[in-house]
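To keep things clear, I will list the structure first and then write my remarks on it.
This structure is a prediction, so every number in the text was calculated from the model and none was measured.
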Amino acid sequence: MAFPEGFGWGAATAAYQVEGGWDADGRGPCVWDTFTHQGGERVFKNHTGDVACGSYTLWEEDLKCIKQLGLTHYRFSLSWSRLLPDGTTGFINQKGIDYYNKIIDDLLTNGVTPIVTIYHFDLPQALEDQGGWLSETIIEAFDRYARFCFRTFGDRVKQWITINEPNILAVLAYDMGRFAPGISHFGPAGYQAAHNLIKAHARAWHSYDSLFRKEQKGKVSLSLFFVWLEPGDPNSVADQEAVKRASAFALDFFAKPIFIDGDYPDLVKSHIASMSKKQGFPSSKLPEFTEEEKKMIKGTADFFAVQYYTTRLIKHPEIKKGEQEKLDFWQDLQVDSFPDPSWEGVNWVYVVPWGIRKLLKYIKDTYNNPVIYITENGFPQRDPPSLDDTQRWEYFRQTFQEMFKAIHVDKVNLQVYCAWSLLDNFEWCDGYSLRFGLFHVDFEDPARPRIPYTSAKEYAKVIRSNGLEGAL
């Protein structure tokens with residue numbers, strides 16, 4: 001079961017989740033610093049990313065892990081407020097530049113291709129204070145930041161992700177308030193944030209295209225999260241329609257404007273308009289793109305980056321009396337989501353490997369057979385974890401089998417896979433209670449030692465053989 005020659009085997013991390021050094025060497029505060037320091041059990045046991053894996057001072061240890069695995073690719077993110085403490089280029093933090101220069105140079109020296117995410121949830125607090133992703137001014141701020149990154153690192157970085165999971169960020173940060181900045185704006189806010197995220201990405205892509213691509217010859221996209229969806233009752237027309245609706249809201253909402261025609265899916269536009277009317281809004285909660293904006297947004301991705309962990313069943317819900325008054329995203333969506341009782345799972349992740357093959361084929365068929373990168377995929381252990389995570393390795397092994405089928409049977413153009421995560425790390429609202437790492441990190445030990453799980457050793461075999469021989 002050999003993968004195509006040159007297939008990319010990677011692992012991923014994100015700045016706030018691993019770096020620590022939250023106030024070291026001139027780094028400015030980000031929204032997650034503020035969010036976690038406010039306490040109130042917003043995060044499991046009030047955990048913070050103040051120290052996390054200590055990667056800001058322990059990069060050499062991370063590099064040892066990368067070399068031990070034999071990775072061909074390493075995806076990491078830049079901390080916006082470590083580079084630009086107030087979010088603007090008015091003050092540039094040279095120590096932040098030095099840190100990321102070392103990471104990039106060390107990766108290239110060791111034959112590892114960096115995939116660099118410009119923004120992974122950690123907005124500088126100074127920009128959030130000016131309205132964050134709810135303000136149109138963020139589009140210009142992000143574009144300036146992206147241009148700074150391209151100019152500073154683009155001579156060596158050839159694979160860029162502008163924004164990580166904007167579809168998750170818009171809902172969890174600006175609608176439900178579960179992610180930093182933690183403001184519950186039930187109503188139009190989540191859609192406004194999504195609107196600005198799409199425009200910010202498109203602006204940054206055009207900046208790369210016009211100012212840097214000719215010389216740097218890199219590629220730029222954004223990473224979209226998607227849980228594969230199946231009807232709760234395959235014979236129910238209502239459930240089948242609910243799946244179409246949920247897919248349109250969760251993935252196509254962002255992918256269709258960027259990969260197809262610059263505008264939201266018709267199903268999304270009509271459904272939100274209908275719900276907005278029922279909820280008493282004078283117009284649709286979903287902002288509209290101008291014709292000029294549609295032209296700007298269309299075609300602003302050089303590959304399709306997707307993050308898959310699990311699958312859910314979807315049912316059309318019974319709307320009970322009084323429920324229509326809620327204004328949040330999930331009420332607009334009108335679906336019930338749940339796992340099959342037979343699936344094994346930990347927290348929100350259930351073992352459904354075949355979902356990744358179906359998702360890859362969906363992307364191929366819907367978005368004109370693009371080059372696809374899986375920029376995150378993984379399965380957690382609860383804390384305390386077992387170093388012999390044989391059961392978790394089975395999740396990965398079956399996932400690789402499904403990827404193999406997608407490539408060789410479905411002819412999907414999948415070129416890169418990144419496991420989440422290189423290290424156990426700060427898992428947002430779950431703190432350190434979930435362990436997604438290929439390497440165990442002891443968060444009680446100031447030295448933060450990294451020890452490989454069984455899954456790391458097995459993954460290294462897959463990478464060495466570019467397939468599953470010897471790793472079964």
Side-chain angles (χ1 to χ4, degrees), residues 1-13 65-75 226-228 230 306-312 339-340 342-361 363 372-382 385-424 427 434-440 450-472:
M1 281 178 67
F3 277 69
E5 188 176 347
F7 187 82
W9 295 102
T13 59
C65 297
I66 290 165
K67 290 163 72 174
Q68 196 171 334
L69 289 169
L71 298 182
T72 64
H73 290 67
Y74 178 58
R75 178 184 172 225
F226 192 56
V227 169
W228 182 250
E230 292 279 340
V306 70
Q307 322 214 130
Y308 170 85
Y309 289 85
T310 194
T311 289
R312 284 287 187 279
D340 187 296
S342 68
W343 296 343
E344 293 182 26
V346 172
N347 201 281
W348 59 275
V349 187
Y350 290 82
V351 182
V352 196
W354 51 259
I356 201 166
R357 180 182 176 187
K358 290 198 171 192
L359 171 58
L360 292 169
K361 184 152 190 325
I363 293 169
I372 302 174
Y373 291 12
I374 296 168
T375 40
E376 284 182 26
N377 166 258
F379 190 79
Q381 295 189 80
R382 293 191 191 279
S386 167
L387 283 173
D388 184 19
D389 61 340
T390 312
Q391 189 177 5
R392 191 164 68 122
W393 170 245
E394 187 62 17
Y395 169 97
F396 283 108
R397 191 185 69 80
Q398 291 180 32
T399 296
F400 297 154
Q401 288 179 326
E402 296 299 324
M403 285 162 44
F404 181 86
K405 292 176 200 169
I407 293 168
H408 291 284
V409 179
D410 305 330
K411 306 302 180 187
V412 168
N413 195 2
L414 176 63
Q415 294 189 2
V416 176
Y417 169 87
C418 291
W420 183 267
S421 170
L422 180 69
L423 308 170
D424 287 340
E427 286 294 340
L434 291 183
R435 304 293 193 119
F436 275 93
L438 292 164
F439 285 79
H440 174 271
R450 284 95 159 111
I451 302 169
Y453 288 106
T454 293
S455 56
K457 298 169 186 175
E458 296 298 331
Y459 186 35
K461 293 178 191 174
V462 169
I463 296 169
R464 275 200 303 274
S465 60
N466 193 33
L468 283 166
E469 288 85 4
L472 296 174

Might you point out which heavy atoms bring Ala2 and His408 nearest each other, and give the distance in Å? O-NE2, 3.2 Å
State, to 0.1 Å, how close Asp424 and His440 come at their nearest heavy-atom pair, and which atoms those are. OD2-CA, 3.3 Å
Which atom of Thr311 lies closest to which atom of Trp343, heavy atoms considered: O-CZ3, 3.2 Å
My understanding is that only residues two or more places apart in sequence, or in another chain, count here; which of them pass side-chain contact (heavy atoms from CB on, under 4.5 Å) with Lys67? Leu63, Asn110
What verdict does the ring pair (Phe, Tyr, Trp, His ring centres under 6.0 Å) test give for Trp9 and Phe3, after you've listed the backbone C-alpha separation in whole Å, the side-chain angles of each residue and the deciding distance to 0.1 Å? CA-CA 10 Å; Trp9 295 102; Phe3 277 69; 4.9 Å; yes
According to side-chain hydrogen bond (donor to acceptor under 3.5 Å, both in side chains), who are the partners of Arg312, at least two apart in sequence or on a separate chain? none
I'd like to know whether CD of Gln391 has more than 12 heavy-atom contacts from other residues, nucleotides or ligands below 6.0 angstrom. no
Drop me the distance from Leu438's CG to Phe396's CZ, to the nearest 0.5 angstrom. 5.5 Å
So, taking the atom named CG in Leu69 and the one named CZ in Arg464, what distance separates them when rounded to the nearest 0.5 Å? 10.0 Å
Centroid-centroid distance, Tyr453 to Tyr459, less than 6.0 Å: no
Minimum heavy-atom separation for Gly355 to Tyr308, with atom names? CA-OH, 3.4 Å
Report the residues that fulfil ring-ring contact (aromatic ring centres under 6.0 Å, His included) with Tyr350, sequence neighbours left out, ordered by chain and then residue number. none
Look up atom CG in Asp389 and atom CD in Glu458, then write down how far apart they are to the nearest 0.5 Å. 9.5 Å
Show, in sequence, the C-alpha distance, side-chain angles and deciding distance for Ile372 and Asn413, and conclude whether the side-chain contact (heavy atoms from CB on, under 4.5 Å) test is met. CA-CA 6 Å; Ile372 302 174; Asn413 195 2; 5.7 Å; no
Would you say the side-chain atoms of Ser386 and Asp388 include a donor-acceptor pair closer than 3.5 Å? no
Walk me through whether Phe400 and Ile356 qualify under side-chain contact (heavy atoms from CB on, under 4.5 Å). CA-CA 9 Å; Phe400 297 154; Ile356 201 166; over 6 Å; no
Residue pair Val349 / Thr310: nearest heavy atoms and the distance that separates them: C-OG1, 4.0 Å
Check whether Asn466 reaches the backbone of Gly6 with its side chain - one donor and one acceptor, N or O, closer than 3.5 Å. no
Quick check: closest heavy atoms across Pro452 and Leu387, and the distance to 0.1 Å? O-CD2, 4.1 Å
Using side chain to side chain contact (heavy atoms under 4.5 Å, CB included) as the criterion, point out the one residue from Met403, Glu402, Arg397 that pairs with Thr399. Met403
Rounded to the nearest 0.5 Å, what's the gap from NE2 on His73 to CG on Leu71? Could you check? 10.0 Å
Would you please name every residue forming a side-chain hydrogen bond (donor to acceptor under 3.5 Å, both in side chains) with Tyr417, sequence neighbours left out? Asn377
Between Phe436 and Glu376, is a side-chain contact (heavy atoms from CB on, under 4.5 Å) present by the stated rule, with each step listed? CA-CA 11 Å; Phe436 275 93; Glu376 284 182 26; over 6 Å; no
Are any side-chain N or O atoms of Arg75 and backbone N or O atoms of Thr375, one a donor and one an acceptor, separated by less than 3.5 Å? yes
Does Phe379 offer a backbone N or O that forms a donor-acceptor pair with the side chain of Arg392 under 3.5 Å? yes
Keeping to residues at least two apart or across chains, list the salt bridge (charged side-chain N to carboxylate O under 4.0 Å, His left out) pairs with something in residues 409-419. Arg357-Asp410
Of all residues at least two apart in sequence or in a different chain, which pass the side-chain contact (heavy atoms from CB on, under 4.5 Å) check with Ser421? Thr13, Asn425
Say you draw a straight line from NZ of Lys361 to CH2 of Trp228; how long is it, rounded to the nearest 0.5 Å? 9.5 Å
Under 3.5 Å, is there a donor-acceptor pair between the Gln398 and Glu394 side chains? yes
Quick one: CZ on Phe7 to CD1 on Ile407, what's the gap to the nearest 0.5 Å? 4.5 Å
